[in-house]
Amino acid sequence: MGRHPRPEIAEQLLERCTDHALEHGLPDRLEPLVQATGTSARMLLYHFGTRDALLLAVLRQARRRHLDSWGGLLRLRPDEHYATTLGRAWVSMTGPDEAPFLRMFTQLRQQSEQSLWPGFTRQATTDWLGPLDAGLASIGRGGSATLVLAVIRGLLMDVEATGDLERADAAFTELLGALDPAAAQLPLR
């Protein structure tokens, strides 16, 4: 009689692999994940089947964490003007706690690993349109979600490429002012 898979062990391994990948990037071989989990390659493959299946599970778990984090940042709050919400979200998105998500998903978009998750780029874009549209509608800017998302994504790429957060903050403040002139006076940091 063989062993039966234990989902709780697989979940613990997945959490540790995801933590490692967020901190160090998606590995191109199993050894870094073996070291991060303190188990063997054989056990990782037992629980996940293949290296690619494990990496896809890691990506999906990281994406769930990302959606939880940024979804919470972008959601409409009845007691707060949405431009204020966007300003706070921008500060968090460009802060150290969110940097691992940006690194991992930028790596996925840039490398051949995207073949692990066909359609990722489209999904990673459209996921944010609903929360943004709901919030923007609350300030009379419904239908502007694509524009706001494009600016956010562009500024995130700019910060990643140049490290010039001060300039990106100024541009984001300009966006907030275009959405609501009173928001141009909001301090970001």
Side-chain angles (χ1 to χ4, degrees), residues 14 18-19 21-23 25-26 55-111 113-165 167-184 186-189:
L14 179 58
T18 303
D19 291 344
L22 284 167
E23 187 174 341
L26 202 60
L55 293 178
L56 180 57
V58 166
L59 288 169
R60 287 187 169 148
Q61 182 65 7
R63 185 67 180 153
R64 277 190 288 279
R65 291 181 188 180
H66 189 215
L67 287 170
D68 287 347
S69 178
W70 284 27
L73 293 172
L74 293 173
R75 79 174 163 72
L76 178 62
R77 290 167 178 76
D79 59 334
E80 182 176 73
H81 193 280
Y82 197 65
T84 301
T85 302
L86 278 177
R88 193 169 5 82
W90 170 255
V91 171
S92 291
M93 289 174 180
T94 55
D97 291 342
E98 303 302 320
F101 296 121
L102 296 175
R103 267 193 315 273
M104 177 180 279
F105 296 121
T106 298
Q107 176 188 8
L108 181 62
R109 281 193 300 273
Q110 293 174 345
Q111 295 179 354
E113 294 296 329
Q114 187 173 353
S115 64
L116 288 172
W117 193 342
F120 169 78
T121 304
R122 178 180 174 75
Q123 183 180 352
T125 300
T126 58
D127 282 341
W128 308 116
L129 293 174
L132 279 169
D133 197 46
L136 291 165
S138 76
I139 59 172
R141 299 303 301 237
S144 298
T146 297
L147 174 63
V148 171
L149 181 59
V151 171
I152 290 171
R153 289 172 61 97
L155 289 174
L156 288 171
M157 288 172 43
D158 187 292
V159 169
E160 183 179 8
T162 67
D164 192 345
L165 186 56
R167 187 171 51 79
D169 279 354
F172 197 79
T173 299
E174 190 173 336
L175 168 68
L176 292 177
L179 294 172
D180 178 11
L186 295 173
L188 286 179
R189 294 185 199 271

Item to complete: List the steps, then state whether side-chain contact (heavy atoms from CB on, under 4.5 Å) holds for Leu188 with Leu176.
Response: CA-CA 10 Å; Leu188 286 179; Leu176 292 177; 4.1 Å; yes
Just verifying a value: how many Å separate [X] [atom1] and [Y] [atom2], rounded to the nearest 0.5 Å?
{"X": "Arg75", "Y": "Tyr82", "atom1": "CZ", "atom2": "OH", "answer": "10.5 Å"}
{"X": "Asp133", "Y": "Leu76", "atom1": "CG", "atom2": "CG", "answer": "11.0 Å"}
{"X": "Phe105", "Y": "Leu26", "atom1": "CZ", "atom2": "CG", "answer": "9.5 Å"}
{"X": "Leu149", "Y": "Arg153", "atom1": "CG", "atom2": "CZ", "answer": "6.0 Å"}
{"X": "Glu80", "Y": "Ser138", "atom1": "CD", "atom2": "OG", "answer": "10.0 Å"}
{"X": "Trp90", "Y": "Thr173", "atom1": "CH2", "atom2": "OG1", "answer": "9.5 Å"}

Least distance between heavy atoms, [X] atom then [Y] atom:
{"X": "Leu129", "Y": "Ala145", "value": "O-CB, 3.7 Å"}
{"X": "Ser69", "Y": "Glu98", "value": "OG-OE2, 2.8 Å"}
{"X": "Arg103", "Y": "Glu23", "value": "NH2-O, 3.8 Å"}
{"X": "Ala168", "Y": "Leu155", "value": "O-CD1, 3.9 Å"}
{"X": "Arg141", "Y": "Ala178", "value": "NH1-O, 3.2 Å"}

Side chains of [X] and [Y], heavy atoms from C-beta outward: is any pair under 4.5 Å?
{"X": "His66", "Y": "Asp127", "result": "no"}
{"X": "Val58", "Y": "Leu14", "result": "yes"}
{"X": "Thr94", "Y": "Arg189", "result": "yes"}

Would you say [X]'s side chain and [Y]'s backbone share a donor-acceptor pair under 3.5 angstrom?
{"X": "Ser92", "Y": "Ala89", "result": "no"}
{"X": "Arg65", "Y": "Phe101", "result": "no"}
{"X": "Thr126", "Y": "Arg122", "result": "yes"}

Item to complete: Take Leu74 and Leu86 through the side-chain contact (heavy atoms from CB on, under 4.5 Å) test and state the conclusion after the steps.
Response: CA-CA 7 Å; Leu74 293 173; Leu86 278 177; 3.9 Å; yes
Worksheet item: Given Leu59 and Met104, is the side-chain contact (heavy atoms from CB on, under 4.5 Å) satisfied, shown in steps?
Response: CA-CA 8 Å; Leu59 288 169; Met104 177 180 279; 3.9 Å; yes
Practice prompt. I would like to know whether Val148 and Ile152 meet side-chain contact (heavy atoms from CB on, under 4.5 Å); could you show each step before the answer?
Written response: CA-CA 6 Å; Val148 171; Ile152 290 171; 3.9 Å; yes
Item to complete: Name the orientation class of the two ring planes belonging to Trp70 and Trp128 (parallel below 30°, tilted from 30 to 60°, perpendicular beyond 60°).
Response: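 Trp70 vs Trp128 ring planes: tilted.
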Practice prompt. Answer yes or no: does atom CD of Glu174 have more than 12 heavy-atom neighbours from other residues, nucleotides or ligands under 6.0 Å?
Written response: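 Open: at most 12 neighbouring heavy atoms sit under 6.0 Å from CD of Glu174.
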